[in-house]
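Some notes on the structure that comes next.
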Protein chains: 2
Amino acid sequence: MFTLSEENYLKTIYHLEVDTDQGISTNAIAKKLATKASSVTDMIKKLSDKKVIVYKKYKGVTLTELGNKTAANVVRKHRLWEVFLVEKLNFSWDEVHDVAEQLEHIKSSKLINQLDAFLGFPTHDPHGDPIPDKDGNLKTIEKRLLATLSKNESGICIGVDDSSSEFLQFLDKKGITLGKKITILEKEEFDNSLSILIGEKKLSISNKIANNLYIKAHNGH
Amino acid sequence: MFTLSEENYLKTIYHLEVDTDQGISTNAIAKKLATKASSVTDMIKKLSDKKVIVYKKYKGVTLTELGNKTAANVVRKHRLWEVFLVEKLNFSWDEVHDVAEQLEHIKSSKLINQLDAFLGFPTHDPHGDPIPDKDGNLKTIEKRLLATLSKNESGICIGVDDSSSEFLQFLDKKGITLGKKITILEKEEFDNSLSILIGEKKLSISNKIANNLYIKAHNGH
DNA sequence: ATAAATTTTTAGACAAGTCTAAAAATTTAT
DNA sequence: ATAAATTTTTAGACTTGTCTAAAAATTTAT
Ligand SMILES: [Mn+2]
Ligand SMILES: [Mn+2]
Ligand SMILES: [Mn+2]
Ligand SMILES: [Mn+2]
């Protein structure tokens with residue numbers, strides 16, 4: 001079994017591995033966890049001893065198969081709880097993260113499997129992130145950042161990259177929610193801002209926003 | 001805020017206070033928590049500093065108003081989660097305790113209040129124990145141990161004293177569940193065993209069982 | 001009232017997880 | 001190739017919560 005702290009380190013390494021095929025550096029982990037590099041060094045030893053990561057000096061860490069499965073299970077729990085909070089307890093998508101951070105560490109396989117069933121085996125969490133299955137596998141969907149779409153292209157809004165409550169509340173205010181169809185009306189050269197059509201509404205959004213919204217390619221006419 | 005460990009101490013003191021009007025001794029706490037008296041002494045200092053208990057040397061501890069409210073809130077969470085597990089996730093009443101021990105420490109008032117609403121504001125947990133309200137108050141119901149009923153008296157089975165999974169599974173096997181009507185057919189003098197009618201069925205149960213089952217007085221004809 | 005038994009506290013140690021400050025190793029720049 | 005900058009590790013300390021063993025205080029028995 002793993003401690004809460006070990007689980008958080010594993011989850012962090014898991015998330016960092018998505019963006020790279022390199023080993024994950026001590027500093028990268030420290031930064032993500034808002035802790036000190038010296039603390040990470042200590043934990044790397046513990047996790048190596050437990051065979052969940054492999055560490056090559058100065059080359060960073062990699063999750064072993066066991067480590068990946070363990071981390072994926074924490075992520076699975078996190079995302080299932082987020083679905084529960086939104087679907088059953090009327091939380092909004094910007095309120096769920098902190099509570100899920102706690103709930104993800106509850107240990108009971110019956111609990112999580114029954115919860116999965118109770119929720120109807122959801123495939124994605126409220127932010128559009130995929131939910132790993134019992135074995136830690138997740139089906140990746142073809143998604144693109146809104147910023148990569150060209151003029152007149154359209155697609156369905158399926159996720160966010162940044163899921164901070166500030167960003168999510170901003171999207172709420174603009175009326176941008178998952179499932180909505182977005183069409184690029186205009187791309188401004190000088191600041192890369194976009195003029196888009198979402199539902200019936202025309203909106204102007206900055207490049208920063210466009211780089212945090214995921215779109216499912218959609219053969220729009 | 002209180003740590004997980006502090007919450008467990010408070011909850012223990014809360015439960016022990018039900019049975020007595022004396023202060024709760026260091027040893028009593030140690031026994032209930034399966035820890036050592038010296039550890040309890042340390043924690044008593046911390047909890048006193050935090051103004052949740054009052055300690056009179058060699059006279060034991062008492063919860064302050066704040067301590068009582070804090071402890072009751074942990075119990076409230078424990079029991080609401082137990083209801084959730086049984087009602088929504090198909091746990092049986094003997095499987096819920098250990099998971100609830102973990103869930104009771106999740107910190108989010110929105111979570112617990114929404115859960116309460118989602119469950120339809122239940123008043124009792126799956127073992128018949130009352131659920132404290134937001135302010136820590138609970139309505140006590142008039143209940144008696146089955147062992148105290150006389151011949152021909154009857155009542156409704158509303159709770160258990162011992163909620164170990166062994167005892168609960170035993171009750172399941174005998175077909176004794178909360179809400180059922182029980183009538184005393186016979187009381188044996190020599191071993192205090194009972195012959196009872198539960199539903200349509202006649203059963204013989206030992207005094208030990210009768211001392212762990214709560215009955216709601218019922219003006220049986 | 002004194003002795004015996006019990007309860008509680010103290011003293012010192014340990015494990016987990018974290019921190020700061022300094023040293024060592026590695027990588028990058030000149 | 002050497003120096004500079006960066007990354008990582010070590011050393012030592014601290015906190016929380018726990019433990020054992022011994023000392024001290026209190027209660028109970030004679
Ligand atoms: Mn976490
Ligand atoms: Mn999420
Ligand atoms: Mn607990
Ligand atoms: Mn219960």
Side-chain angles (χ1 to χ4, degrees), chain A residues 1-13 16-17 19-63 67 70-71 74 101-102 104-107, chain B residues 1-13 16-17 19-63 67 70-71 74 101-102 104-107:
Chain A
M1 268 317 94
F2 298 92
T3 66
L4 186 147
S5 190
E6 288 169 344
E7 286 187 347
N8 280 337
Y9 274 92
L10 288 175
K11 193 180 62 160
T12 298
I13 297 164
L16 289 169
E17 275 193 345
D19 304 318
T20 177
D21 48 359
Q22 313 259 83
I24 309 303
S25 73
T26 302
N27 269 351
I29 298 169
K31 190 177 176 187
K32 197 86 179 256
L33 276 173
T35 184
K36 294 294 141 74
S38 54
S39 305
V40 176
T41 299
D42 288 345
M43 185 57 86
I44 284 175
K45 275 178 206 140
K46 287 174 202 160
L47 294 176
S48 296
D49 289 348
K50 288 194 169 185
K51 314 283 185 200
V52 283
I53 61 174
V54 171
Y55 180 50
K56 292 214 183 72
K57 273 194 181 174
Y58 286 86
K59 294 292 172 185
V61 300
T62 329
L63 292 173
T70 307
V74 177
E101 281 295 310
Q102 300 177 62
E104 73 189 5
H105 301 291
I106 302 291
K107 282 161 181 63
Chain B
M1 269 316 94
F2 298 92
T3 66
L4 185 147
S5 191
E6 288 169 343
E7 285 188 347
N8 280 337
Y9 274 91
L10 288 175
K11 193 180 63 160
T12 298
I13 297 163
L16 288 169
E17 275 192 346
D19 304 317
T20 177
D21 50 358
Q22 313 259 85
I24 309 302
S25 74
T26 302
N27 268 351
I29 297 169
K31 190 178 176 186
K32 196 86 177 257
L33 276 173
T35 185
K36 295 294 141 73
S38 53
S39 304
V40 176
T41 299
D42 288 346
M43 186 57 86
I44 284 175
K45 274 176 207 141
K46 288 174 201 159
L47 294 175
S48 295
D49 289 349
K50 289 194 168 185
K51 314 282 185 200
V52 281
I53 61 174
V54 171
Y55 181 50
K56 290 212 185 73
K57 274 195 181 174
Y58 287 85
K59 294 292 172 182
V61 300
T62 329
L63 291 172
T70 306
V74 176
E101 280 296 312
Q102 299 177 63
E104 73 189 5
H105 301 291
I106 302 292
K107 282 162 182 59

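Not measured: the values here are computed from a predicted model. Quick note on labels: first sequence line is chain A, next is B, and so on, each numbered from 1. Basis for what follows: all heavy atoms, side chains included, without hydrogens, waters or symmetry-related copies.
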- With sequence neighbours excluded, tell me which residues meet side chain to side chain contact (heavy atoms under 4.5 Å, CB included) with B:K45.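 B:K45 satisfies side chain to side chain contact (heavy atoms under 4.5 Å, CB included) with B:T41, B:D42 only.
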- Message: Test of understanding: with side chain to side chain contact (heavy atoms under 4.5 Å, CB included), list the residues that count as partners of B:K51, not counting sequence neighbours.
- Response: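 Not a single residue meets the side chain to side chain contact (heavy atoms under 4.5 Å, CB included) criterion with B:K51.
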- Query: In Å and rounded to the nearest 0.5 Å, what is the CD1 to CG distance from A:I13 to A:N8?
  - Reply: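 Between atom CD1 of A:I13 and atom CG of A:N8 there are 11.0 Å.
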Acceptor/donor pairs from residues 19-38 of chain B side chains to any protein atom, 3.5 angstrom cut, sequence neighbours excluded:
from: B:T20; atom 1: OG1; to: B:Q22; atom 2: N; distance (Å): 2.9
from: B:S25; atom 1: OG; to: B:A28; atom 2: N; distance (Å): 3.0

- Task: Measure the distance from CE on B:M1 to C1' on D:dT16 and round it to the nearest whole Å.
- Result: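 Interatomic distance, CE of B:M1 to C1' of D:dT16: 18 Å.
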- Message: Which residue in the set B:E101, B:H105, B:E6 passes side-chain hydrogen bond (donor to acceptor under 3.5 Å, both in side chains) when paired with B:K11?
- Response: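 Going through the options one by one, the only one that passes is B:E101.
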- Taking salt bridge (Lys or Arg N to Asp or Glu O under 4.0 Å) as the test, write out the residues that go with A:K59, two or more places apart.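 Residues passing salt bridge (Lys or Arg N to Asp or Glu O under 4.0 Å) with A:K59: none at all.
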- With the side chain counted from C-beta on, respond yes when B:Y9 and B:I44 share a heavy-atom pair under 4.5 Å apart, and no when they do not.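 Not in contact.
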- For residues A:V52 and A:F2, determine if any side-chain heavy atom of one lies less than 4.5 Å from a side-chain heavy atom of the other.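 A:V52 vs A:F2: side chains touch.
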- Message: Stem list for DNA chain C, please, built from Watson-Crick and G-U wobble pairs under 3.5 Å and keeping only runs of at least 3.
- Response: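 When the pairs of DNA chain C are grouped into runs of at least three, the stems are C:1-30 with D:1-30.
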- Under 4.0 Å protein heavy-atom contacts per nucleotide of nucleotides 6-18 of chain C, with B for base, S for backbone only and - for none: -BSBB------SB
